Amino acid sequence: MEQSNEPTFDAPIPGQSLTGEMGSKPWEQPPKLNTVDEVISNYIPMFEDEDFVSELLNQIEAGIPIIPIVNILIKASVMDGDHTIDAGLIAAPVLVELLVNVAEASGVEYDIGNKTKGTVKPSMSAIALALKEFDTSDEDSQDEPELLMLEVEAPPMEPSMGLMAKRGEEDGV
Amino acid sequence: MSKHIVKMYNKIDAEINKASSNKVTKNTGLIPKRDTPTEDSDVVHYIKQLRKMREDNNGTK
């Protein structure tokens, strides 16, 4: 993949988030739901919406693990100022279990995403690095005989004529 | 944050599995023993209920 060296200007300026009036964003306001019970009961009506559930099942069927989906749900609610991130984190396991129930009830295969898989695939950068190392080691092994052949005697040193030269050197001794 | 959710989920999962394998002895004294589970937390209770519902659904199929 080729990366462009041109700077992008569509990213937020550092410190931009601090330029707004304090309390102007929903997450800067006190949360609407304070207890874990309230947080959980806020999510349950979502599962009564058929469109939402069918979209959710499509995502699960596509192979997206349940935990990242729950993560998105929680972050969206935190952004809307519904609850704090801490309350969302505590309620998260219940949401995971709810989604598992929905998936099982619909007969959709799911992956919770809490277990590390046995075979870890190397990342693209690791593969590129290994290939680069392989190439350089290959080049080095080819260059070695040439280097041996090019070994010649060093030319005799000419006596330096500078002011700071040693006396013996100046005399050519 | 997914990492934290995974940690939370695995912790609660282990807690539920441990609780189901260990038999809780009833405390007859006035003062409860230290580190004895008295009541499940809300989250553990909800998860237990949801799992029970799932098992029931699977059983009826």
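Sequence lines set the chain letters: A, B, ... in the order given, protein chains first and strands last, and positions in each chain run from 1. Nothing here was measured: the structure is a model prediction, and the numbers come from that model.
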**Request:** Between chain B and each of A:Ile72, A:Ile85, A:Val100, count heavy-atom pairs under 4.5 Å; write down the option with the most.
**Result:** A:Val100
**Any side-chain donor near an acceptor of the partner, A:Tyr110 and A:Glu61, under 3.5 Å** = no
**Asked** If you count heavy-atom pairs under 4.5 Å with chain B, which of A:Val94, A:Ile67, A:Asn101, A:Leu95 comes out on top?
**Response** A:Asn101
**Request:** Check whether any side-chain heavy atom of A:Leu33 sits under 4.5 Å from a side-chain heavy atom of A:Pro31, and report yes or no.
**Result:** no
**Message:** In the structure I gave you, are the side-chain heavy atoms of B:Lys7 and A:Leu89 within less than 4.5 Å of one another anywhere?
**Reply:** no
**Request:** For the pair B:Arg54 and A:Glu97, find out whether any cationic side-chain nitrogen is under 4.0 Å from an anionic carboxylate oxygen.
**Result:** yes
**Request:** Could you check which of A:Ile90, A:Ile74, A:Val36, A:Thr35 has the highest count of heavy-atom pairs closer than 4.5 Å to chain B?
**Result:** A:Ile90
**Item:** For chain A, the option from B:Asn10, B:Leu50, B:Val6 that forms the most heavy-atom pairs under 4.5 Å
**Value:** B:Leu50
**Message:** Under a 4.5 Å cutoff for heavy-atom pairs, which residue among A:Val96, A:Leu98, A:Asp37 has the most contacts with chain B?
**Reply:** A:Asp37
**Message:** Does any backbone or side-chain atom of B:Ile12 lie under 4.5 Å from a heavy atom of chain A? Answer side chain, backbone, both or neither.
**Reply:** side chain
**Prompt:** A:His83 and A:Tyr43: aromatic ring centres closer than 6.0 Å?
**Reply:** yes
